[in-house]
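Reviewing the structure listed below.
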Amino acid sequence: MNSHSSRRNFLRAATLTGAGLAFSSRLIGASNKSVLVFTKSSGFEHAVVKRVDGKPSIMDDTVTELGNKHGFKVGVTKDGRIFESKELHSYAAVIFFTTGDLVTLGTDGKPPMSPKGKQALLDAVEHGMGFVGVHAASDTFHTPPDPPDLSNRYIAHGDQQDSYLRMLGGEFIVHGREPRLQDANLIVNDPKFPGLEGVTSPVSFNEEWYSLKDFMPDLHVVLTLDTQGMKGECYQRAPYPVTWTRMHGRGRVFYTAMGDRPENWRNEFFLNLLAGGIRWSVEDARAQSSVNLKEAAPGYADIPPKFPEKNN
């Protein structure tokens, strides 16, 4: 048996409740309304994507439930080798909740993507595959170098930004420390986005709020974070986008910075928004796509001050 056959058989044999190395075998030959949840953590592994005793993670189960409700099938994996497989193209969209440099083995020890696999993903999105990024998807493939003091994250890299982050539409800088979680108001910039029907702006929400930068200029902003009154240096800036869509070639890209807290994976507002983003990404829902970054967040290019150095 050659190496290609071994890889193919390995991927087909893996199951949702098994070791979590590849997608569910029930999705071979999946329809165009199938999505792949990818949760490899080369950096910090969040509680919502962690599998305990081989059981599906909170995100695995929740997105599967959303699929049952809204009519799309779901496969899950932490195995970066999927991006060099033919099976990748069975999916209409890929959903990322990831961290770090995914071409390295990293924290969770699951097989990494290869540089070729990373490019295959970007090419697939450009050619029409949908992409959904949740929370730490923007804490992935930081523009190098990414030193321990995070200094490079406070620089706007523009066209020199990592190709994955340009596809996504923005990059994570840092989140609050004291407190890590806090209530904040979300300004609804697109009340007609699928899942937000009937929602009144602003929306108060408790989350680990990401401070973001290097927004692509073609964003359609869905939600903006109102930073007024928030605690922490990273929020000393004008309101900025935390949920958006953009087109990457023919691919529909949706990102939301929410999703850190396990409790929020049972929150109706968050789940309706996420389901709307997934449905839009697989062309099962309509939404505006007009560019509104400058109107929704005039101060989007602000870079917040760094956290002060801790005393030894």
Side-chain angles (χ1 to χ4, degrees), residues 38-44 46 94-104 106-107 113 115 118-119 121-122 125-126 131-177 180 207-225 227 230 232-248 251 253-260 277 291 293-294 296-307:
F38 183 62
T39 56
K40 176 168 175 54
S41 302
S42 290
F44 178 77
H46 290 69
V94 177
I95 306 174
F96 267 41
F97 193 128
T98 51
T99 54
D101 183 352
L102 299 178
V103 302
T104 65
T107 305
M113 301 172 74
K118 178 183 177 182
Q119 189 59 51
L121 166 68
L122 298 177
V125 176
E126 187 171 7
F131 186 90
V132 174
V134 181
H135 193 57
S138 63
D139 187 19
T140 299
F141 287 124
H142 283 286
T143 302
D146 189 29
D149 68 357
L150 308 182
S151 55
N152 202 37
R153 299 190 191 180
Y154 289 85
I155 298 172
H157 294 289
D159 292 342
Q160 302 305 309
Q161 188 179 31
D162 182 86
S163 56
Y164 164 86
L165 293 169
R166 288 179 60 79
M167 180 275 291
L168 182 67
E171 180 177 2
F172 166 66
I173 306 172
V174 71
H175 57 70
R177 295 192 304 199
R180 182 179 70 85
E207 184 57 273
E208 176 191 77
W209 295 107
Y210 274 11
S211 192
L212 300 154
K213 59 136 186 163
D214 264 335
F215 299 103
M216 288 292 285
D218 61 357
L219 297 189
H220 175 75
V221 181
V222 178
L223 299 173
T224 302
L225 185 66
T227 53
M230 293 186 68
E233 290 84 355
C234 58
Y235 310 118
Q236 293 178 15
R237 57 184 297 187
Y240 58 91
V242 288
T243 301
W244 62 74
T245 65
R246 66 177 301 268
M247 296 299 298
H248 185 73
V253 177
F254 170 85
Y255 172 76
T256 181
M258 295 182 286
D260 172 81
V291 176
L293 176 61
K294 293 182 179 179
Y300 69 92
D302 288 359
I303 300 290
K306 288 188 67 176
F307 282 125

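Predicted, not measured: the structure shown is a model, and the values here were computed from it.
- For the side-chain hydrogen bond (donor to acceptor under 3.5 Å, both in side chains) test with Ser211, the passing option among Gln236, Arg237, Glu233, His175 is Arg237; the others fail.
- Using a 4.5 Å cut-off on side-chain heavy atoms (C-beta onward), Ser151 and Lys306 make contact.
- Side chains of Phe141 and Leu102 form a contact here, defined as non-hydrogen atoms less than 4.5 Å apart.
- Looking at Arg166 and Asp159, a side-chain N of the basic residue comes within less than 4.0 Å of a carboxylate O on the acidic one, giving a salt bridge.
- Within the model, atoms CG of Asp214 and CD1 of Ile173 stand 8.5 Å from one another, a figure rounded to the nearest 0.5 Å.
- For the pair Asp260 and Arg180, the minimum side-chain heavy-atom distance is below 4.5 Å.
- With Trp244 contributing its side chain and Leu168 its backbone, the two residues share a donor-acceptor pair below 3.5 Å.
- With Thr143 contributing its side chain and Asp162 its backbone, the two residues share a donor-acceptor pair below 3.5 Å.
- Nearest heavy-atom pair, Ala297 versus Pro241, reported as atom, atom and distance to 0.1 Å: CB-CD, 3.9 Å.
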*Can you check ring pair (Phe, Tyr, Trp, His ring centres under 6.0 Å) on Phe131 and His248, steps first, answer last?*
CA-CA 9 Å; Phe131 186 90; His248 185 73; 9.3 Å; no
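- No donor-acceptor pair closer than 3.5 Å links the side chain of Thr245 to the backbone N or O of Phe254.
- From Thr99, atom OG1 reaches atom NZ of Lys40 across 8.5 Å, with rounding to the nearest 0.5 Å.
- The shortest side-chain heavy-atom distance between Ser163 and Lys118 falls under the 4.5 Å cut-off.
- Proximity of the aromatic rings of Phe38 and Phe96 is defined here by a centroid distance below 6.0 angstrom, and this criterion is met.
- The main-chain N or O of Ala257 is found under 3.5 Å from a side-chain atom of His135 such that the two form a donor-acceptor pair.
- Proximity of Phe44 to Thr107: side-chain heavy atoms (C-beta onward) are nowhere separated by under 4.5 Å.
- Although no hydrogens or angles enter the test, the distance criterion places no donor-acceptor pair under 3.5 Å between the side chain of Arg246 and the main chain of Gly169.
- Nearest heavy-atom pair, Thr104 versus Ser42, reported as atom, atom and distance to 0.1 Å: O-OG, 3.0 Å.
- Note that the CG atom of Leu165 and the CZ atom of Phe172 stand 12.0 Å from one another [nearest 0.5 Å].
- Note that OH of Tyr255 is 8.0 Å distant from OG1 of Thr243, once rounded to the nearest 0.5 Å.
- A 4.5 Å side-chain heavy-atom check between Tyr240 and Tyr235 finds at least one atom pair inside the cut-off.
- Rounding to the nearest 0.5 Å gives a distance of 9.5 Å between CG of Asp139 and CZ of Phe97.
- Considering every non-hydrogen atom in both Lys213 and Arg153, the closest pair reads CE-O, 2.8 Å.
- Going from atom CE of Met258 over to atom CG of Leu223 covers 5.5 Å, rounded to the nearest 0.5 Å.
- Proximity of His157 to Asn152: side-chain heavy atoms (C-beta onward) are separated by under 4.5 Å at one or more points.
- Between Val125 and Val253 the shortest heavy-atom distance is CG1-CG2, 4.0 Å.
- Residues Thr140 and Tyr164 form a side-chain contact, since some pair of their non-hydrogen atoms from C-beta on lies under 4.5 Å apart.
- Within the 3.5 Å criterion, the main-chain N or O of Gly259 finds a donor-acceptor partner in the side chain of Glu207.
- Closest of all the heavy-atom pairs between Pro239 and Thr227 is N-OG1, 3.7 Å.
- Across Val221 and Ala296, no two heavy atoms sit closer than the pair CB-CB, 3.8 Å.
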